[in-house]
Amino acid sequence: MSRYNFKETEAKGQAIWEERGCFRANEDPGRKKYYVLEMFPYPSGRIHVGHVRNYTLGDMVARYKRACGYNVLHPMGWDAFGMPAENAAIENNIHPGKSTYQNIESMTRQLKAMGLSYDWSREIATCSPDYYRYEQKMFLDFLAAGLAYRKESWVNWDPVDHTVLANEQVIDGRGWRSGAPVEKRKLSQWFLRISDFADDLIESLKSLDRWPDRVRLMQENWIGRSEGLRMSFRLAPSRAASAETAKALDSFDGPLEVFTTRPDTIFGAAFCAISPNHPLADALGGADDGLAAFIQDCNRLGTAEAAIETAEKEGFDTGIIARHPFVSGRELPVYVANFVLMEYGSGAIFGCPAHDQRDLEFARTYDLAVRPVVAPKGTDASGFTINEDAYTEDGVLINSDFLDGMAVAQAKDVIARRMEEAGDGERVTVYRLRDWGISRQRYWGCPIPIIHCPSCGMVTVPESDLPVTLPEDVNFDKPGNPLDRHASWKYVPCPQCGTDAERETDTFDTFVESSWYFARFTAPVADAPFTREAADYWLPVDQYIGGIEHAVLHLLYSRFFTRALRKCGYLGLDEPFAGLLTQGMVCHETYRDAAGSWLLPDQVRRVDGKVVHFEDGSPVTVGRSEKMSKSRKNVVDPAAIIEAYGADTIRLFMLSDSPPERDLDWTDAGIEGAWRFINRLWNMVENAAPNLPPPGCPLANDLGEAAHELRRGVHKTITAVSGDLDRFHFNRAVARVRELTNLLAETADGGDDMNWARREGLETLALLIGPMMPHLAEQLWQALGHDGLVAAAPWPVADAALTIDDRVTIAVQVNGKLRGTLDLVRDIGRDDAEAAALALPAVAAMTEGKAVQKVIFVPNRVINVVL
RNA sequence: GCGGGCGUGGCGGAACUGGUAGACGCAACGGACUUAAAAUCCGUUGGGCGAAAGCCCGUGGGGGUUCAAGUCCCUCCGCCCGCACCA
């Protein structure tokens, strides 16, 4: 048995695909299109195993759909702006642009070695002015359409990366990149009005039926819609209030607007609470030093503190009271409370301790009345009391005047109507989703095309001056944004009045670039972001593939961006990604030496089933398999694997062991197994080919039984593999291919009919592995005497007549337990099957002397004799 | 706390709408080839009892529906993920 020369074969295959332009995509209205896209990478310099899995899955789909006759668009590009390049600049004194393009070059080489069927002529890099100039134009359009605005607000500040972060980029109170606890700062920032689309973004999730439920749910929760009532409370100073407080209240002027989803509990209201950042708190704080100090305390804690969880519910009595809207004389103390968020609802609530756990805790702390107003249906209302737990279920209204006896839903409705009629309330829907803050205080990003003029204010850069390009001559010797301290770039005359003005030195969040790149791929060199014709033809992306980590971030931003682009006339659709596959992570065991330091997989070896250090043989502790990460050193360099085993081996391994959406355990044995299979296949074809009839040779004689049986196996495999690929069950497809290989390996050279059937089987095998192991497929195809390419060959079609067996195996059960099987002709009638079953010795032995109650017969499947 | 997912041999995983549990692979063991090893090829491999035919048990635990449950329902346990003072 000889060894397969993957190096030669893979280089040859890649060269010929490129030479013949196999993967070039062109609009062709006469053909059905299929756009498959993998999340484009950040050019870090080296591909990692996660990339390999992602692109292998994408290529599988692309090649399969191409073979099925679709006009496939499968592009690749670079999400090239971002902080790592800037951090590298600080550390190694290399310009971010230079390192980025170097990285792109080396990663391109690695990707090309994988044999991925990309249309490389469409490659884009988002850091190129040819890309971001259109982003700047879009921003100006968004501005004109009211979709972008600037405001001063409290923002999440990452003290390590020296920049602002969007809410989506704060994970557990820490920066998503740096991991540093996020601080609160008040800054003037650019925002995109994603909240304008909150309702549509949530509603349209229903239409994304080829997205995982999990992702849809995560987006739904993130957008966080709740329906309720905004209601006004009239305010007055309490008897205890100071004169200053009373005066401050006058300056606030107006009722207190609260938001509630439980207006039905209004008769149980015991207090109102406002956010420390509420304008009323501001006003009152000016008149009360104690309150001012409390507010400062709250802000220091911010949302950054992980201590939120344990933080006590604290409030400060402002000395103001709110009048109950329906009970004259009932006064609710107004607190400033640390748990009320200015960003949600109206930044103010009324508290009903009996029916909200948080309000209950607050009430217990400040000794406020706990008045139940909803009782479980069927309980004695007068005896219903609240102890430790608030009652939040449905029930019947009590102690609530005109609401008494109603169900919660009805009571909500009645209160809402009353408040609306009185002009004191309004039914509203509020969202958790905040507008997307896109300003970043960093250099390596797309400049925001705005000029700040001392006399004209904010002025947009005229379109004729676009793109605003980044200056090359920057230094990173100090922390912070080098654009902000640049000697010349920053200073420009105002485009309107000509006086000295300053450029906006913030750049866009890099998620802005990735929010529209899929559209740019449809017309990558157009003199516009893309053309309407190309976008209309190719979009939406039919199948998008990437990691679950973007479930909210990138995928939500892109959905918003598509809507915003539509509003500005660029596009005619709302949803960019019709199908989404979220791949699982690649995991690996972890290793630690005696001192507890992490070891690379290369630094350990196995001796007699024990894992030891590769040098001195000292014992190594093996940890559970977890996501590959540099910090735990459980990483494998795919480039080294490709070098040692070839691209097809790593591709096959990526597909075979786990379904795509599940985590995949990397094992050396798995790689070895894939490599072994490739060699086996190659040897089988190489050895068989000389004895086979020539390609396209008609069948001379009738097929014998054995040859017929082989054909049946071949055609059943075609059906099974096609179905598996349609449903992305790639691991099963691989298993089917292996089965067919085993089947073919069992057949020997035979008569003409057998060799004819073997040719069909081997050719089918070559075509079926085309999407998985494209290089080997070409090699086999050629060995079988074909001139053309598998990459250009149509997907095999199964002969339906061959996929249905004439005979079936039917399970025979007695009382539901398997007692034997019967080999019978397909679609045999009930009576014949029953007779055959009862005649089985094992069945006869059990039924002897007993009455058969009934016999269940499922055609072609099962016969169950019930005694 | 809320929401979601998962739990099948030594391991990764199969099992379409309830109908022969463990496909395919990995690992292990036995054998062939070899002076020997590697590679390769052939075979065995869920557990228990048995000389064998065969029988019993078995999809996290318990209960239920059904002729029949890995699959449906209830309940408990464990693990993973997302959100989290959301009014």
Side-chain angles (χ1 to χ4, degrees), chain A residues 1-3 171-173 212-222 224-226 228-229 258-262 265 272-273 275 303 308-309 311-314 337-341 343-352 356-359 361-362 430-432 548-549 551-552 609 625 652-653 656-659 661-674 676-677 679-680 683 720 723 727 729 731-739 741-742 745 809-822 841-842 853-867:
Chain A
M1 170 149 177
S2 40
R3 211 173 131 104
I171 315 291
D172 295 333
D213 291 342
R214 185 155 73 115
V215 174
R216 292 194 281 179
L217 202 73
M218 281 164 72
Q219 292 212 355
E220 194 180 321
N221 290 338
W222 186 264
R225 175 165 63 190
S226 48
L229 189 70
V258 307
F259 173 74
T260 179
T261 55
R262 292 297 303 274
T265 63
C272 282
S275 162
T303 55
I308 280 174
E309 200 171 331
E312 291 287 313
K313 312 255 172 290
E314 279 182 53
N338 62 353
F339 59 84
V340 181
L341 307 171
E343 303 86 51
Y344 189 75
S346 60
I349 60 162
F350 81 74
C352 175
D356 182 285
Q357 193 59 35
R358 189 199 48 211
D359 292 349
E361 284 169 35
F362 191 80
V430 302
Y431 300 90
R432 208 187 77 106
I548 185 78
E549 67 273 17
V552 181
S625 184
L652 176 60
F653 173 59
S656 27
D657 266 9
S658 298
E661 58 281 351
R662 232 188 278 187
D663 287 354
L664 171 75
D665 266 316
W666 179 281
T667 59
D668 293 343
I671 282 287
E672 293 282 349
R676 215 168 15 233
F677 178 62
N679 273 282
R680 206 173 144 226
N683 270 289
R727 275 164 288 164
H729 293 168
N731 56 326
R732 280 180 16 167
V734 171
R736 301 292 196 181
V737 164
R738 296 186 106 121
E739 276 176 313
T741 306
N742 292 343
T809 306
I810 295 181
V812 180
Q813 304 175 335
V814 176
N815 287 336
K817 268 183 185 291
L818 184 72
R819 294 297 162 186
T821 58
L822 281 171
Q853 302 286 326
K854 61 176 165 176
V855 177
I856 307 281
F857 174 65
V858 183
N860 300 325
R861 279 195 182 271
V862 78
I863 298 163
N864 188 9
V865 180
V866 185
L867 298 177

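Note: hydrogens, waters and symmetry copies are ignored here, and every other heavy atom, side chains too, is used. The chains referred to below are lettered A, B, ... by the order of the sequence lines, with proteins before strands, and numbering in each begins at 1.
No contact: A:Ser656 has no heavy atom under 4.0 Å from any strand. A:Val862 comes within contact range of at least one nucleobase, with a heavy-atom separation under 4.0 Å. Looking at heavy-atom distances under 4.0 Å, A:Val430 makes no contact with the nucleic acid at all. Residue contacts for A:Thr809: at a heavy-atom cut-off of 4.0 Å it reaches a base atom on one of the strands shown. Using a 4.0 Å heavy-atom distance criterion, A:Gln813 is classed as a base contact. A:Arg225 comes within 4.0 angstrom of no nucleic acid atom, judged by non-hydrogen atoms across all strands. As judged by a 4.0 angstrom heavy-atom cut-off over every strand, A:Ile856 is placed among the base-contacting residues.
A donor-acceptor contact under 3.5 Å is not formed by the side chain of A:Gln357 with the base of B:G1. Within 3.5 Å, no donor on the side chain of A:Asn221 pairs with an acceptor on the base of B:C83, nor the reverse.
Taking atom P on both B:C80 and B:G43, the two are 42 Å apart, rounded to the nearest angstrom. Comparing the P positions of B:G13 and B:C6 gives an interatomic distance of 13 Å, to the nearest angstrom. With both ends at atom P, the span from B:G70 to B:C16 equals 12 Å, rounded to whole Å. Rounded to whole Å, the separation between the C1' atoms of B:C24 and B:A14 comes to 8 Å. Separating the C1' atom of B:G60 from that of B:C79 is a span of 11 Å, rounded to the nearest Å. Taking atom P on both nucleotides, B:G46 is separated from B:A21 by 14 Å, rounded to a whole Å. Across B:G7 and B:C76, the matching C1' atoms stand 14 Å from one another, rounded to whole Å. Between the C1' atoms of B:U17 and B:A68, the separation comes to 16 Å (whole Å).
In this entry the distance linking CG of A:Asp665 with P of B:A27 reads 15 Å, nearest Å. Atom CG of A:Asp213 and atom P of B:G82 are 18 Å apart (whole Å). With rounding to whole Å, A:Leu341 atom CG is found 11 Å from B:A84 atom C1'. A:Arg214 places its CZ atom 10 Å from the P atom of B:C6, with the value rounded to the nearest Å. One can place CD of A:Glu343 at 17 Å from P of B:C83, the figure rounded to the nearest angstrom. Rounding to whole angstrom units, CZ of residue A:Phe339 and P of B:C86 are separated by 9 Å. At whole-Å resolution of the value, CG in A:Asn338 and P in B:C86 are 12 Å apart.
Here the closest heavy-atom approach between residue A:Asn731 and residue A:Ser656 is recorded as CB-O, 3.2 Å. Taking every heavy atom of both residues into account, A:Asp213 and A:Arg216 meet most closely at OD1-NH2, 2.8 Å.
Distance CG/A:Asp663 to OG/A:Ser658: 8.0 Å, rounded to 0.5 Å. A:Thr809 contributes atom OG1, which lies 9.0 Å from atom CG of A:Leu822 (distance to the nearest 0.5 angstrom). Within the model, atoms CZ of A:Arg225 and CD of A:Glu220 stand 7.5 Å from one another, a figure rounded to the nearest 0.5 Å. Here A:Phe339 contributes atom CZ and A:Ile349 contributes atom CD1; the two are 4.5 Å apart, rounded to the nearest 0.5 Å. The CZ atom of A:Phe259 sits 4.5 Å away from atom OG of A:Ser226, with the distance rounded to the nearest 0.5 Å.
Among B:C55, B:C67, B:C16, the nucleotide with an atom closest to any side-chain atom of A:Arg819 is B:C55. In this structure, of B:G13, B:C85, B:G12, it is B:C85 that holds the atom nearest to the side chain of A:Arg358. Listed nucleotides B:C67, B:G13, B:C24 differ in distance to A:Glu739; the shortest reach to its side chain belongs to B:C24. Between B:A27, B:G12, B:C67, one nucleotide has an atom nearer to the side chain of A:Lys854 than all others, and that is B:C67. In the set B:A14, B:G19, B:C26, the nucleotide with an atom closest to the side chain of A:Asn731 is B:A14. Of the candidates B:U20, B:G3, B:A68, B:A68 carries the atom nearest the A:Asn864 side chain, counting heavy atoms from C-beta on. For A:Leu818, the side-chain atoms get nearest to B:A21 when compared with the rest of B:A21, B:G19, B:A84. Closest to the side chain of A:Thr261, out of B:C55, B:A87, B:A23, is B:A87.
At least one side-chain heavy atom of A:Asn815 sits less than 4.5 Å from a side-chain heavy atom of A:Val866.
Taking side-chain N and O atoms only, A:Lys817 has no distance below 4.0 Å to OP1 or OP2 of B:G58. Close to B:G5, at under 4.0 Å from its OP1 or OP2, lies no side-chain N or O of A:Arg662. Proximity of A:Arg738 to the phosphate of B:A14: no side-chain N or O atom is located under 4.0 Å from OP1 or OP2. The phosphate of B:A84 (OP1 or OP2) has a side-chain N or O of A:Arg432 nearer than 4.0 angstrom. Checking the phosphate oxygens (OP1, OP2) of B:C24, no side-chain nitrogen or oxygen of A:Asn742 falls inside 4.0 Å. Contact between the side-chain N/O atoms of A:Arg676 and the OP1/OP2 oxygens of B:A27 is found at a separation under 4.0 Å.
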* Asked: Checking side chain to side chain contact (heavy atoms under 4.5 Å, CB included) for the pair A:Asn742/A:Arg680: CA distance, chi angles, key distance, verdict?
  -> CA-CA 10 Å; A:Asn742 292 343; A:Arg680 206 173 144 226; 2.9 Å; yes
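Pair assignment for B:U65 gives none, since no Watson-Crick or G-U wobble pairing has each distance under 3.5 Å. Base-pair partner of B:A87: not found among the strands shown (Watson-Crick or G-U wobble, both distances under 3.5 Å). Base pairing annotation: B:G7 forms a Watson-Crick or G-U wobble pair with B:C77, both donor-acceptor distances under 3.5 Å. With both pairing distances under 3.5 Å, B:G82 is matched to B:C2 as a Watson-Crick or G-U wobble pair. A 3.5 Å limit on both hydrogen-bonding distances identifies no Watson-Crick or G-U partner for B:U17. Nucleotide B:U40 is matched to B:A32 when pairs are restricted to Watson-Crick or G-U wobble geometry with both distances under 3.5 angstrom.
Base orientation of B:G9: syn (glycosidic angle within 90° of 0).
Proximity of a side-chain donor or acceptor of A:Asn679 to a complementary backbone N or O of A:Arg3 within less than 3.5 Å is not detected.
Comparing A:Arg262 and A:Glu672 by the nucleotide of RNA chain B that holds the closest heavy atom to each, the one mapping nearer the 5' end is A:Glu672. The residue among A:Ala735 and A:Ser658 whose nearest nucleotide of RNA chain B is located toward the 5' end is A:Ser658.
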